[in-house]
Amino acid sequence: MDSILVKGNGALNGVIPIAGAKNACLTLMPATLLSDEPLTLTNAPRLSDIRTMTQLLGSLGAEVASLQDGQVLAMSSHAITNHTADYDIVRKMRASILVLGPMLARAGEATVSMPGGCAIGNRPIDLHLKALEAFGAKIELAAGYVKAVQPDGGMPGGDFDFPVVSVGATENALMAAVLANGTSRLFNAAREPEIVDLCNMLVAMGAEIEGIGTSSLIIHGVKRLHGATYRVMPDRIEAGSYACAAAITGGEVRLEGARADEMMATIHALQAIGCDVSWDAKSVTVGASGPLKATNLTTAPYPGLATDMQAQLMALLCKAEGASVLKETIFENRFMHVPELTRMGADITTEGRTAVVKGVSRLTGAEVMATDLRASMSLVIAGLAAEGETTVRRLYHLDRGYERLEEKLQLVGADIERVDD
Ligand code: EPZ
C-alpha cells in the first residue's frame, strides 16, 4: 500500500491546473442511463472514484470508454441489461446510490445495494427514497438492497420538500423526475454548483427544468432525452485545497481553471485568515505573504462554507495567530484529522461538532494516518509547512479525490513523493 512522503520545503509558488470536479462527474455519469443516445463528458477527472463509477455503469449494461488519457468519457446505454447495482461495487463508493433515480426513470425499476457505514457520519439515504416515493415510485428494502419500481402507467411525478438539504438526494430526485409523466417540484433542494452542472447537462439532453441554482426546482417530465457532449465544471474543492497549501507555506499559487464564483465562501474564509485572493475568468490566485489570522468558521450547505473544505482550512488555521472556532454542521463525525494533526504538534480541542484550534508557531513532521478523503488532504497541507518529514499512510483515500496530487504540488516547488510502504 502506498504512502505520501512530504518534507516542508518553504513557500509554494507557481501554477496548478485544476481538474474537472469529482462530485460533479459522479452525478453526470449516471445520467447516461437516462437516454439511449451517446453522452460524452469532457474535462473528466482521473480518479479512482470515476473508475468505480465506470465499473458500476458497465455492470448495468452501459458502455463507458475512457479517452484522451482519461479526460474524456464517451458513454452510451442503448439498453439497461441489469437492474441491480451490486454490493461489491456500491460498498467501495457511496455515490453509487446515484444510479437509483436514472435507472428507475428509464427502466421502470432499479435495485441498488444500500451504501454501508462511512467514517464521517451515519449518512442515511431516507431522503432519496422519500423523494422517489413522492414521485409515485414503490420502494422496498430487503437483504441490504433498496428496490424501486414505477407504478403501472409510469411515474406521475410530485412535490417533495426536503427537511434537510441533501446534495445526493436532490441529484437522484432530479434524474428520476426528468422522464416522469408530469411535473415535479423540489423544495429546499441543494444548490451546490455540482447540482447546477447536472441541471445544465440534463437541459442539454432535452430536459425541462426551472429554478436552476435556486432551492426550488420545477421539473417538467419529457418523453425521452437525447445525447449530448458536456464539459465537467472545475473542482472547487481541489482548488480550495491547493489554496490552503499555498497559504500555509506563505507562497502564492494560481489555480488554473478554477471559478471564483463557485467557491466564494472558501475565498471569504481565506481572506478572513489574511490571504490575498484575486481572480479572473480563468483562474483564482491565492497568496499569503503576511501572518495568518485566527478566524471562526462554520460549514453549511451552499452557498455556505463547504464541509469538504473544513479539514483543509483547519490545517491552515493551525499556523494562525490566536484561537479559531470551527463548527461542522453537516456531518456528525468529521474531525478524524484532529488526532493526526495533534501528532504533528497542532493544538486542537473538540467537543461534539465544534473544534477550537489554537495556532502554533511550528508543526513537526510525523507518521500519520489518512481516515477519509479531505482529512488526508489536511495532513498533506500540514506536512508542507512542518519541519522534517511527514508520512501520510493509506494513500488510497487521497487518490479517490485528488488527481496526480504529488505531480501538481511538485509543479509549485513542493518536496513530495509517493512511496511504497
Ligand atoms: C455530497 O455527499 C458529496 N459527495 C460530499 O463530498 C459532501 O460532503 C456532501 O455532499 C455535502 O456537501 C458527492 O457529491 C459524491 P448530503 P452526499 O446528502 O450527497 C444527511 C467529498 O469529500 N442526509 O448532502 O452524501 C446526511 O447524513 C464528499 O468529496 C440524510 O439525513 O451528502 C448529512 O448529514 C464527502 N438523509 C446531510 O444530510 C439522506 O437521505 C448532507 O448529506 C441524505 C442525506
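Both counts, for ligands and for their atoms, begin at 1 and track the order of listing.
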| task | With Arg185 as reference, evaluate Asp159, Leu217, Asp161 under the side-chain contact (heavy atoms from CB on, under 4.5 Å) test and give the passing residue. | result | Asp159
| Counting from 1, what ligand 1 atoms have a heavy atom of Gly168 closer than 4.0 Å? | 18 (O), 19 (O)
| request: Quickly, which of Leu98, Asn23, Leu28 forms a side-chain contact (heavy atoms from CB on, under 4.5 Å) with Glu171? Name it, please. | output: Leu98
| said: Keeping Ser184 on the side-chain end and Gly158 on the backbone end, is there a donor-acceptor pair under 3.5 Å? | reply: yes
| Ala95 N/O under 3.5 Å from ligand 1 N/O | no
| message | Using a plain distance cutoff, I'd like to know if Leu127 has any nitrogen or oxygen under 3.5 Å from a nitrogen or oxygen of ligand 1. | response | yes
| Polar-atom distance check: Arg334 versus ligand 1, any N or O pair below 3.5 Å? | yes
| task | Examine distances only and state if a side-chain atom of Arg106 and a backbone atom of Leu33 form a donor-acceptor pair shorter than 3.5 Å. | result | yes
| query | Does the side-chain hydrogen bond (donor to acceptor under 3.5 Å, both in side chains) test come out yes or no for Tyr145 and Thr84, once each step is laid out? | reply | CA-CA 9 Å; Tyr145 284 76; Thr84 301; over 6 Å; no
| query | For atom 43 (C) of ligand 1, which candidate among Pro124, Cys118, Ala24 provides the closest heavy atom? | reply | Pro124
| query | Lys282: what forms a salt bridge (Lys or Arg N to Asp or Glu O under 4.0 Å) with it, not counting sequence neighbours? | reply | none
| said: Looking only at distances, can you tell me whether any N or O atom of Ser166, backbone or side chain, sits closer than 3.5 Å to an N or O atom of ligand 1? | reply: yes
| note | Under 4.0 Å from one or more heavy atoms of Val164, ligand 1 contributes atoms 38 (O)
| request: Please confirm whether the backbone N or O of Arg46 pairs with a side-chain atom of Glu403, one donor and one acceptor, at under 3.5 Å? | output: yes
| Within the side chain of Ser324, is there an N or O that forms a donor-acceptor pair under 3.5 Å with the backbone of Thr295? | yes
| said: Out of Asn172, Thr307, Asn23, who is nearest to atom 3 (C) of ligand 1 when you count heavy atoms only? | reply: Asn23
| query | Quick one: which of Ile330, Asp308, Ile125, Leu26 has a heavy atom closest to atom 6 (O) of ligand 1? | reply | Asp308
| said: Which option wins on minimum heavy-atom distance to atom 2 (O) of ligand 1: Arg94, Arg400, Arg123? | reply: Arg123
| task | Could you check Arg374 against Tyr402 for side-chain hydrogen bond (donor to acceptor under 3.5 Å, both in side chains), going step by step and ending with a plain yes or no? | result | CA-CA 10 Å; Arg374 307 305 172 182; Tyr402 292 95; 3.0 Å; yes
| field | Identity and separation of the nearest protein heavy atom to atom 36 (N) of ligand 1 | value | Asp126 OD1, 2.7 Å
| Where is the nearest protein heavy atom to atom 24 (O) of ligand 1: which residue, which atom, and how far? | Val167 N, 2.7 Å
| query | Hey, which atoms in ligand 1 end up nearer than 4.0 Å to a heavy atom of His128? | reply | 40 (O)
| query | Is a side-chain donor or acceptor of Lys408 paired with a backbone partner of Pro17 at a separation under 3.5 angstrom? | reply | yes
| message | Suppose we measure from atom 32 (O) of ligand 1 to each protein heavy atom; which comes out shortest, and what is that distance? | response | Phe331 CZ, 4.0 Å
| request: Provide the number and element of each atom of ligand 1 under 4.0 Å from a heavy atom of Lys22. | output: 21 (C), 29 (O)
| query | To the nearest 0.1 Å, how far is atom 22 (O) of ligand 1 from its closest protein heavy atom, and which atom is that? | reply | Arg374 NE, 2.9 Å
